[in-house]
Protein chains: 2
Amino acid sequence: MASPETNGEEVPTRERILREASRLFGKKGFHGTSTREIANAVEIRQPSLFHHFPSKRDIMAELIDIDHSESAAVAEREAAAEGSPACRLYRYLVWDISFICRCPYDLTSVEGVIDDPLFADKLERRNALKRARRSIIEQAIESGEFLEVDADLAEKAIVWIMQGDIAETAGQAVPEADQIAQQLATFILRALLKDQDQLAAIKADAHCG
Amino acid sequence: MASPETNGEEVPTRERILREASRLFGKKGFHGTSTREIANAVEIRQPSLFHHFPSKRDIMAELIDIDHSESAAVAEREAAAEGSPACRLYRYLVWDISFICRCPYDLTSVEGVIDDPLFADKLERRNALKRARRSIIEQAIESGEFLEVDADLAEKAIVWIMQGDIAETAGQAVPEADQIAQQLATFILRALLKDQDQLAAIKADAHCG
DNA sequence: ATTGTAACCTATCAATCGATAGGTTTACAA
DNA sequence: TTGTAAACCTATCGATTGATAGGTTACAAT
């Protein structure tokens with residue numbers, strides 16, 4: 001019941017920097033947010049930031065890592081797994097959207113800076129995540145579970161929905177995380193499935209194994 | 001056949017500023033793009049920008065207006081129109097996505113700055129656009145055409161998909177605009193419709209009147 | 001030829017940016 | 001008590017920012 005963000009326990013400064021910075025980056029963009037604004041939000045002086053992070057860029061870089069590291073691992077595992085591709089996509093979607101909703105950071109700004117040359121070293125893993133996602137969709141089309149839609153466009157639409165969810169929940173660590181995740185995953189599956197009656201079976205299958 | 005962007009006719013400097021600025025804003029963000037970068041892309045000197053726009057902010061403000069003015073008008077007209085709500089939503093979606101794809105500007109950055117206090121005066125029309133969109137969805141749910149989903153979440157998912165499309169087509173004035181628009185609108189309708197067999201009738205109805 | 005004006009130029013400004021240097025406080029182990 | 005290291009502070013740096021001042025060029029109208 002006791003968690004660092006809901007009870008009176010003090011949150012370490014470094015953690016507060018990540019949270020306030022992510023919130024400001026999400027609202028005003030990475031470049032639009034100054035280190036003085038971040039410091040004000042954390043209630044420390046501006047140079048004190050550099051006691052916890054080597055540079056402003058490194059704050060953003062850590063937020064990118066938080067966003068991508070676990071997601072990429074889950075997506076690649078599901079892409080290589082056995083069983084129904086539609087079920088695997090559903091399982092990945094629920095996990096990732098739930099993760100986004102539970103996250104104490106506002107990861108809105110990540111997609112906005114990932115193409116910036118400043119974060120070129122973070123691009124490859126993001127592209128690996130995209131490839132894994134598209135792979136699952138293509139498997140579902142080949143297996144006949146999904147309509148023969150444009151796999152590229154479908155992958156994009158999914159990313160866009162998740163990206164929008166990031167922007168919406170915005171690091172509030174919302175309590176209805178699982179509910180939102182299941183609603184959105186259902187929305188996506190309905191748009192792709194040939195036979196909508198399979199939906200219930202896919203959900204039941206995803207939740208146990 | 002002859003259009004300003006495809007043939008050899010010279011594009012006015014003011015227009016080139018809007019196009020190059022929107023492209024840079026989309027890639028590096030509004031605050032991340034300097035007026036010198038814009039000027040370099042247009043092949044003029046930095047102070048010459050201010051001969052065409054009073055400030056950097058006014059360049060972004062004009063892009064916001066381009067993105068929202070026509071869209072809000074169409075959405076509000078369809079929200080107040082007669083006939084099948086599902087059909088009206090489809091008609092609006094195809095129009096707006098097609099508009100985005102045809103647009104010579106990269107409007108990616110608009111959603112990223114709309115919450116910035118710097119553009120507070122542009123927020124109300126954006127919210128009006130959101131209200132009109134949600135209104136059509138609610139009408140479709142009440143009429144029984146759509147599943148009884150969370151109207152708010154559905155509206156968000158739609159916005160997110162369109163927002164993603166903006167980021168993707170990125171002011172390239174893509175030739176397959178209508179095709180992409182119809183694919184995405186179909187994707188959305190499939191996720192929301194109770195009876196998928198109505199899809200063909202909705203499309204036929206939308207295209208004539 | 002002269003005037004007017006739009007469109008560009010060079011030179012430069014004050015403000016703000018991210019980051020560094022170096023001193024002070026705090027907490028805890030020896 | 002003393003040593004020490006983390007965490008913070010004030011003061012300040014050079015670089016870059018958006019914007020202004022004022023001169024030059026191109027060109028159409030008179």
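Proteins get letters first, then strands, A, B, ... in listed order; numbering begins at 1 in each. All figures in this text were calculated on a predicted structure; none of them were measured in a lab.
In summary, R126(B) and E111(B) engage in a salt bridge, as defined by a charged side-chain N under 4.0 Å from a carboxylate O. A salt bridge links R57(B) with D121(B): the closest approach of a Lys/Arg side-chain nitrogen to an acidic carboxylate oxygen falls below 4.0 angstrom. Remark: R131(B) does not engage E76(B) in a salt bridge, criterion side-chain N to carboxylate O under 4.0 Å. Taking the charged nitrogens against the carboxylate oxygens, E82(A) and R88(A) have no contact shorter than 4.0 Å, which rules out a salt bridge.
Between the K130(A) side chain and the R125(A) main chain, no donor and acceptor come within less than 3.5 Å of each other. Checked by atom type and distance alone, the side chain of D116(A) never pairs as donor or acceptor with a backbone atom of F119(A) at under 3.5 Å. Proximity of a side-chain donor or acceptor of S48(B) to a complementary backbone N or O of I44(B) within less than 3.5 Å is not detected.
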Q: Give the intermediate values and the outcome of salt bridge (Lys or Arg N to Asp or Glu O under 4.0 Å) for residues E62(B) and R14(B).
A: CA-CA 11 Å; E62(B) 185 150 329; R14(B) 196 190 137 90; 2.5 Å; yes
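For the salt bridge (Lys or Arg N to Asp or Glu O under 4.0 Å) with K122(B), the qualifying choice from D65(B), D115(B), D67(B) is D65(B), the only one to do so. The residue from R133(A), E78(A), R77(A) that alone fulfils the side chain to side chain donor-acceptor pair (under 3.5 Å) condition with Y92(A) is R133(A).
The cationic group of K28(A) does not satisfy the cation-pi geometry with F30(B), failing either the under 6.0 Å distance to the six-membered ring centre or the 45° limit from the ring axis.
In this structure, the helix from dA1(C)-dT30(D) to dA30(C)-dT1(D) shows an angle of 0° between the axis at its start and the axis at its end, each fitted on 5 base pairs and rounded to 10°.
Proximity of F25(A) to T108(A): side-chain heavy atoms (C-beta onward) are nowhere separated by under 4.5 Å.
Listed in residue order, the members of residues 24-40 of chain A having a heavy atom less than 4.0 Å from DNA chain D come to none. The stretch residues 113-121 of chain B has no heavy atom under 4.0 Å from DNA chain C, so no residue of it qualifies as close. Across residues 44-56 of chain B, Q46(B), P47(B), F50(B), S55(B), K56(B) each have a non-hydrogen atom less than 4.0 Å from an atom of DNA chain D (numbered order).
When the side-chain contact (heavy atoms from CB on, under 4.5 Å) test is applied to A86(A), the partners found at least two apart in sequence or on another chain are S84(A), E145(A), F146(A), L189(A), L193(A), I202(A).
Within 6.0 Å of the CD atom in E124(A), the count of heavy atoms belonging to other residues, nucleotides or ligands exceeds 12.
One side chain, S135(B) or Q139(B), offers a donor N or O that lies under 3.5 Å from an acceptor on the other.
With a cutoff of under 4.0 Å to any heavy atom of chain A, the contacted region of DNA chain D is bounded 5' to 3' by dA6(D) to dA11(D).
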